[in-house]
Amino acid sequence: MHQLLPERSRCVSRLCYHIFALLLASLSTVGLFAQGFAPSEAVKQMTVAAGFEVELIASEPLVRQPVSIEFDDRGRLWVIQYLQYPNPAGLKRVKVDQHTRSQYDRVPEPPPHGPRGADRLTILEDTDHDGRFDQAHDFVDGLNLASGFALGNGGVYVLQAPYLLFYPDRNRDDKPDGNPDVLLKGFGMDDASAVANSLTWGPDGWLYGCQGSTVTARIRGVKFVQAIWRYHPRTKEFELFAEGGGNMWGLDFDRQGNLLASTNLGGFVLLNIVQEGYYWKQFSKHGPLRNPYTFGYFDHAPHQNFKGGHVTVGGTIYQGLLFPEALHGKYISGNLLGHEIQYHSLIPDGTTFRTEHGDTLVQANDSWFAPTDLTVGPSGAVYFTDWHDKRTAHPNPDADWDRSNGRIYRLKPQGSKLEPTLQIHDLSNERLIELLQQPNEWYVRAARRELITCKDPQVPDTLKRLLTEKRSDHQALQLLWTLASLDALDETTAVQMLQHKDPSVRSWTIRLLGDRRTVSPDMAQHLIQRARTDASPQVRSQLASTAARLPADPALAIAAHILNRNLDQADPYIPLLLWWAIEKQTLSAIDEIEQRFVTSAAWQQPFVSQVIQPRLMKRYAAAATSRTLEVCQRLLATAPESQQSELLQALDAGLALSGQGQLKPDQVPSELAEQLATQWQAHPEDLVLMQLNARLGNPAVLQQALEIVVNEDLPLAQRTTMLKFLQQFGNETVIAPLLPLLQPAQSAALRQQAMLVLSRYADDRISQALLKSYPDYDASSQTQARRVLFTRQPWALAFLRQVDEGKLPTGDLDLQELTTLNSLGNKTISELTAKHWGQINQSDSQHKITEIRRVRFLLKHPGNAQRGSQLFQKQCATCHQLHGTGNKLGPDLTTANRGDLNYLLESIIDPNRFVRKEYVASIVITRDGRVITGIIKSDEPEQIRIANNKNELTTIRRDDIEEIHDSPVSLMPEKILKQLSEQELQDLFAYLQGAPPKKL
């Protein structure tokens, strides 16, 4: 979809602090091509790969705003026309935040009782057989943000947030038999660009779907933001298949049943999603994974030679027969911001994949071209949709979308003829079973759907018989999937399939057994035997996934046997999958885990010692009960000396994760407290041991740190390190000893770190000392002093009154400091701020329009990009990266829409108009009255870290926080361009909008 903005760099920066939200086209295409060609002209403008041709098969007014397409068993094309986008009909928006997420006055009733929208699920037919669809019939209209569908079971499944619906059509007259069945309720409606989508049949009989980034789903007690989810039509089960992954729109399964999901993250094209996996998220924006103890996650498939815009959508594995063999098994996808259709190679990488750009199959040469979905037709041609709009992103829910356009194209080898579609519903079961074993995947999937719909009780016996015969690996896999989809995989057949020579058959048998979440004792032994002996890492990977779904006894045995073989430490997936399987049992089966993994013998197993035991230490420390801390003590006691340092760090990290600060004496086993105290006494300057003893309440550690800080004979670095320790673990007793460090005669580094320690305490002696010494401080210490003083209303007011009385100079306050002062919510402070520095971020709209015109006029003359690079370093690089240079407090601008000058200027000059979530400044108010403003860079259970506009981090403990809310204004000042000369403006924009510098 056009709405799939990037996750790690989802929005373009508003120069230094604010983010461009209006991504309209990739830099490579902006300004190069005309826009909005008529349907008859669009194909002529396309650049098509050699040996291929593109045909227009449907366009407006027959179809508009197509978002999802699929062929039925009669060879007709079904399409969702997403005409209601981006707002649901009939609801009142009660709130829209800065990130375009909306809240509504109510949850709508499902169709037909809820509000009628403009969306349609339409059937396209080619009645004159000329290769182009000429007739459209709505299966159902009045839908209200319908984003996906799937055909099968005598009807149609439709995703319309917040519902998954089923429209029965048993008599196949292309009209619903009645009102839809509501299968699921709770998909998020916050943002139509990220609703649940890509409803797709899995080979196992489950319906799979994606969940986007900026909506929150709550389904059957499961709350999640982004995931691959699935629903089983027969059992009515719903579950998260895997969590994370970004704003995915498009999924497919390859010949081995691997699930591949499209991504909107720049530099990548897909994720390989495995069962029970946890995947990358924009954590600062979307929050942590549901399980805080994953201690790792999977990322996107590494990609080589990325080309085009950053949004990959509608990806499908080519499994037809019409294309040249070189394209079989390739990942074909739309590149939304590149306005093209690409293909990529899947290269095995352990138990997952890496990807490599193959080539561009279709370049539209039209910046209105916006591919939203792809599918392979019955004859093997590839069909792709074109949303067709000058917009490719939605900056706000009230954007003016042109809903009059939409196209569907067909890509096929030049001159090739398409075979008529077999009428699947007219075929006998015997013929359908034959189709399961042929190589054209479209017919295989269609035949399986028909067999599932018919539910002939004779079919399972035929499938079992065929499985015992010598079949190709692919045929055996298709037969197995169909058997399981009919709920007919018995233990006898499963045992046979566990012996199959093909690893895919063995691993899928294991997965299908694990879907039941329990196995018989005999089957458990078969799975354990696979863990002991199977030569395939693919099988071991699935065993690890399945272990996370089983009770403790077989799960831990399976994991232990794989670990003890020491074969898979370097695999991209298996180590974390094993940890996640064990982690699910850490509290409920603590005794068994201790027996298996907390012994001297276990430490001799490299896989266990490298992957499991440090994570066990961290997990049990995070639980912070007397029993789990006993296991922590035993881990330390049994570990070899070479592992002690890593274990102590894991223990410290886990105790921090507990969020309990200093533990109570009855929580801590005496052996653990004594052991850590003894180790610290032997290594009194070891910071980790100091922190551990502080967490366990050893008062001697605090006293030692304070003695080091005030000892002028010790090295400055050592004293500064102890100040950082006191910043985290100190108490009010440190105030008096540290006040002398605020004097101007002290080292600036020491003085400024002391300010950070003392800023935690609401003691007026601190503000008095700062104000007294302020005039004699160096510039950097004055800045630090102001940051401390401006965290509390009384201190800030005292500073401003001295300025007002002429005792202190106004100084060079930056705009973040002025914004912080205004955010304190004190009328007198705001008045004094306005008196001495003027109004902040208060330009009216006319002034902004005038400034945009002024700068646009000046930019008619070219600038010098090399000089602009130096300006970027000075003005922007503190927060943003461009062409590999700069920091990432804000997003990486390299893949942003720097080519559109109008939106660039609007975003810089009017920064408060729109701010994406991950770059909204937060105002943190602590229990002792401090106010800290900045961007939250890490949001953890026990603490947050917040960065100011100098990219300086402040750590704040959770139990110190009274309130967190969004800042009403952007951190970026409105008038940043006014400080630049005409030449500087031209130079800066020459660099911002230019191509990357050439490598020497």
Side-chain angles (χ1 to χ4, degrees), residues 684-685 687 690 694 701-814 816-818 820-821 836 926 928-932 948-956:
E685 295 182 3
L687 187 59
M690 289 185 69
V701 179
L702 182 61
Q703 183 60 37
Q704 174 187 281
L706 196 55
E707 291 172 356
I708 292 173
V709 166
V710 300
N711 189 339
E712 297 182 354
D713 295 329
L714 292 177
L716 178 62
Q718 186 178 1
R719 297 173 69 194
T720 303
T721 298
M722 287 301 101
L723 277 170
K724 293 177 180 177
F725 175 84
L726 292 175
Q727 185 178 354
Q728 184 175 4
F729 297 104
N731 54 41
E732 288 82 354
T733 63
V734 307
I735 297 174
L738 295 188
L739 283 173
L741 298 183
L742 300 182
Q743 296 175 3
Q746 294 287 349
S747 159
L750 196 70
R751 177 170 59 247
Q752 292 175 29
Q753 187 61 50
M755 291 181 192
L756 293 176
V757 178
L758 292 169
S759 68
R760 294 181 55 194
Y761 309 108
D763 190 311
D764 288 342
R765 290 177 294 171
I766 300 168
S767 61
Q768 291 165 7
L770 289 171
L771 290 169
K772 179 181 178 181
S773 299
Y774 184 87
D776 299 319
Y777 283 160
D778 61 279
S780 64
S781 294
Q782 285 184 341
T783 298
Q784 187 71 286
R786 292 196 304 271
R787 294 189 189 282
V788 172
L789 290 167
F790 294 173
T791 61
R792 302 179 189 276
Q793 283 193 24
W795 297 3
L797 191 56
F799 176 88
L800 292 173
R801 281 177 171 156
Q802 290 203 18
V803 170
D804 197 48
E805 295 166 5
K807 296 178 181 179
L808 291 177
T810 55
D812 187 21
L813 271 66
D814 66 35
Q816 183 180 7
E817 293 175 284
L818 297 174
T820 298
L821 285 169
H836 293 283
T926 65
D928 59 4
R930 284 186 296 160
V931 179
I932 301 99
N948 62 21
N949 62 344
K950 303 298 182 185
N951 214 4
E952 300 165 338
L953 287 173
T954 298
T955 300
I956 309 171

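The structure presented is a predicted model; accordingly, all values stated were derived computationally and were not measured. Counting from 1, the numbers follow the sequence of the chain as shown.
Between the Q704 side chain and the P684 main chain, a donor and an acceptor come within less than 3.5 Å of each other. In terms of modelled atom types and a separation under 3.5 Å, the side chain of R787 and the main chain of L756 share no donor-acceptor contact.
You'll find the side chain of Q743 stays beyond 4.5 Å of the side chain of D776, heavy atoms only. Annotation: side chain of L742 is in contact with side chain of Y777 (closest heavy-atom distance under 4.5 Å). The closest side-chain heavy-atom distance from L702 to L726 is below 4.5 Å. Using a 4.5 Å heavy-atom threshold, the side chains of M690 and T721 count as separate. Using a 4.5 Å heavy-atom cutoff, the side chains of L739 and L758 are in contact. Side-chain contact between V709 and L741 is present, with at least one heavy-atom pair separated by less than 4.5 Å. Counting heavy atoms from C-beta outward, L738 and L723 have side chains that approach closer than 4.5 Å. Contact annotation: the side chain of V788 approaches that of W795 to within less than 4.5 Å [non-hydrogen atoms, C-beta and beyond].
Once rounded to the nearest 0.5 Å, the distance linking CZ of R751 with CG of L770 reads 10.5 Å. Remark: K772 NZ to Q802 CD distance equals 12.0 Å, nearest 0.5 Å. Rounded to the nearest 0.5 angstrom, L750 CG and M722 CE are separated by 12.5 Å. To the nearest 0.5 Å, atom CD of residue Q782 and atom CG of residue L789 are 11.0 Å apart. Note: Y761 OH to I766 CD1 = 8.5 Å, rounded to the nearest 0.5 Å. In this structure, the separation between CG on L821 and CD on Q793 is 10.5 Å, given to the nearest 0.5 Å.
When every heavy atom of E712 is checked against every heavy atom of Q746, the shortest pair comes out as OE2-NE2, 4.1 Å. Contact record, A748 with D778: CB-OD1, 3.9 Å, taken as the closest heavy-atom pair. Between A736 and R765 the shortest heavy-atom distance is CB-NH1, 4.2 Å. Between S780 and Q752, the shortest heavy-atom distance links the atoms OG-NE2, 3.0 Å.
Open room surrounds CD on E685; 12 or fewer heavy atoms of other groups in view lie less than 6.0 Å from it.
Ring geometry for F725 against F729 counts as tilted: the plane angle lies between 30° and 60°, on a 0 to 90° scale.
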Intermediate values then yes/no, side chain to side chain contact (heavy atoms under 4.5 Å, CB included), R719 and N711: CA-CA 8 Å; R719 297 173 69 194; N711 189 339; 5.5 Å; no
